[in-house]
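Just below is one structure, and these are the notes that go with it.
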Amino acid sequence: MKVLGIETSCDETGIALYDSEQGLLGHRIYSQIAVHAEYGGVVPELASRDHIRKSLPLIKAVLADSGLTLADLDGVAYTSGPGLVGALLVGACVGRSLAWALDIPAVGVHHMEGHLLAPMLEENKPDFPFIALLVSGGHTQLVKVEGVGQYEVLGESLDDAAGEAFDKAAKMMGLAYPGGPALSKLAEMGDEKRFVFPRPMTDRPGLDFSFSGLKTKVRTTILELAVDGVLAEQDKADIAACFQAAVVDTLVLKCKRALKQTKVNRIVIAGGVGANLRLRSQLREAVEKLGGQAYYPRSEFCTDNGAMIAYAGLRRLQAGQQQSLEVAVTPRWPMTELSAVGVLNG
């Protein structure tokens with residue numbers, strides 16, 4: 001079964017083609033970073049317009065890369081939530097209309113389910129059950145995964161997501177948009193032991209997260225060090241290193257706690273922050289010490305992409321799910337509301 005995946009939930013247009021027998025046949029991602037950079041963040045209206053401009057050309061490019069035509073498609077999957085409503089509607093309209101014209105089924109995919117299943121795109125895939133750490137600009141969650149659609153949220157952020165905290169800390173230091181990756185790069189040149197930054201909510205039981213206090217510590221440290229409103233470059237690097245270390249330590253501790261609590265020995269890390277090299281290395285080391293194994297999608301599949309949507313859509317189409325002719329999106333959509341497909345390893 002060949003499924004076209006369309007991802008337009010925020011500021012990346014991702015298109016991919018996944019085959020149930022051959023795997024990923026092709027994918028393309030267009031990032032809107034240059035469009036939003038001058039505003040210091042995503043402008044929803046501009047994001048929607050750019051998705052309109054890029055979706056069809058990228059679909060044509062992916063089909064050409066794969067040596068296929070529209071007539072070869074067996075299904076279409078598109079992100080229907082959560083995300084920016086205008087951006088979601090672009091992908092939903094394109095995907096649903098294309099499926100109707102080709103007389104093939106279409107299915108709306110939950111964006112975070114796509115991230116959660118992204119490691120299944122790799123040769124070394126986790127078996128169910130596993131724990132998933134979903135870390136992105138909009139979400140930080142620990143989820144127990146028994147099968148596709150069988151999700152139990154164990155803990156989540158009570159305020160900012162980890163990726164959002166990275167971006168806001170970077171903005172405080174005057175780093176260029178997008179701030180998270182810029183902060184991580186700057187941290188490589190800093191001294192992570194110079195300042196004592198809090199590891200929020202690690203001194204109490206439970207698996208929830210909070211990064212607001214850590215953000216406040218960054219702000220007060222900047223105010224203490226800045227001279228006439230200007231922060232020295234080494235001070236920036238040291239703050240970045242201490243901030244990153246605090247976030248990673250917090251995430252790793254909660255992951256270890258989740259594995260021990262559930263007695264599951266496999267963990268998946270997915271979402272944009274999942275590309276952070278320090279987080280990957282420290283989590284792998286911590287999990288292996290517990291006798292478990294950590295799984296990651298390659299970096300290009302940590303950020304928003306069409307491949308994860310095509311794969312998740314394939315699993316739901318194989319289970320007989322499909323959308324009606326109505327074009328509908330769900331900007332706010334708890335993952336626990338998804339219907340179960342079952343254990344489909346491989």
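Bear in mind the structure is a predicted one, so any value in this text is a computation, not a measurement. Sequence positions, counted from 1, serve as the residue numbers for this chain.
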### Message
Quick test of your reading of the model: are Glu326 and Arg96 salt-bridged, counting only N-O distances below 4.0 Å?
### Response
no
### Worked verdict on Met308 versus Met120 for side chain to side chain contact (heavy atoms under 4.5 Å, CB included)
CA-CA 9 Å; Met308 67 182 191; Met120 299 298 188; over 6 Å; no
### Query
Can you hop from Leu134 to Tyr311 via hydrophobic side chains spaced under 4.5 Å?
yes
### Task
May I have the step-by-step check of side chain to side chain contact (heavy atoms under 4.5 Å, CB included) for Ile267 and Phe130, ending in yes or no?
CA-CA 5 Å; Ile267 192 162; Phe130 59 78; over 6 Å; no
### Query
To the nearest 0.5 Å, what is the distance between CG (Leu133) and CG (Leu207)?
11.0 Å
### Summary
In terms of heavy-atom contacts, Arg316 and Gly149 come closest through NH2-CA, 3.5 Å
### Query
Of the non-hydrogen atoms in His110 and Pro82, which two are nearest, and what is the gap between them?
CE1-CD, 3.4 Å
### Task
Determine, step by step, whether Asp304 and His115 satisfy the side chain to side chain donor-acceptor pair (under 3.5 Å) criterion, reporting the C-alpha distance in whole Å, the side-chain angles of both residues, the deciding distance to 0.1 Å, and the verdict.
CA-CA 8 Å; Asp304 296 349; His115 276 303; 3.0 Å; yes
### Beyond-backbone contact of Leu253 with Arg199, side-chain heavy atoms, under 4.5 angstrom
no
### Task
Would you check if the side chain of Ser80 reaches a backbone N or O of Val329 as a donor-acceptor pair within less than 3.5 Å?
no
### Query
So does Arg266 pair up with Asp127, basic N to acidic O under 4.0 Å?
no
### Query
Which pair of heavy atoms, one from Gln321 and one from Ala340, lies closest together, and at what distance?
NE2-O, 4.4 Å
### Message
Both conditions, 6.0 Å and 45 degrees, for the charged tip of Lys217 above the ring of Phe195: are they met here?
### Response
no
### Task
State the CD1-CG distance between Ile239 and Asp191, to the nearest 0.5 angstrom.
12.0 Å
#### Entry: Backbone of Arg332 reached by a side-chain donor or acceptor of Thr330 within 3.5 Å
no
### Query
In terms of side-chain geometry, is the basic nitrogen of Glu192 or Arg278 positioned less than 4.0 Å from the acidic oxygen of its partner?
yes
#### Entry: Working for side chain to side chain contact (heavy atoms under 4.5 Å, CB included), residues Ile222 and Asp235
CA-CA 8 Å; Ile222 291 172; Asp235 289 339; over 6 Å; no
### Sequence-distant partners of Val35, side-chain contact (heavy atoms from CB on, under 4.5 Å), two or more places apart
Tyr30, Gln32, Leu46, Asp50
#### Entry: Residues Lys2, Asp72: salt bridge by 4.0 Å N-O rule
no
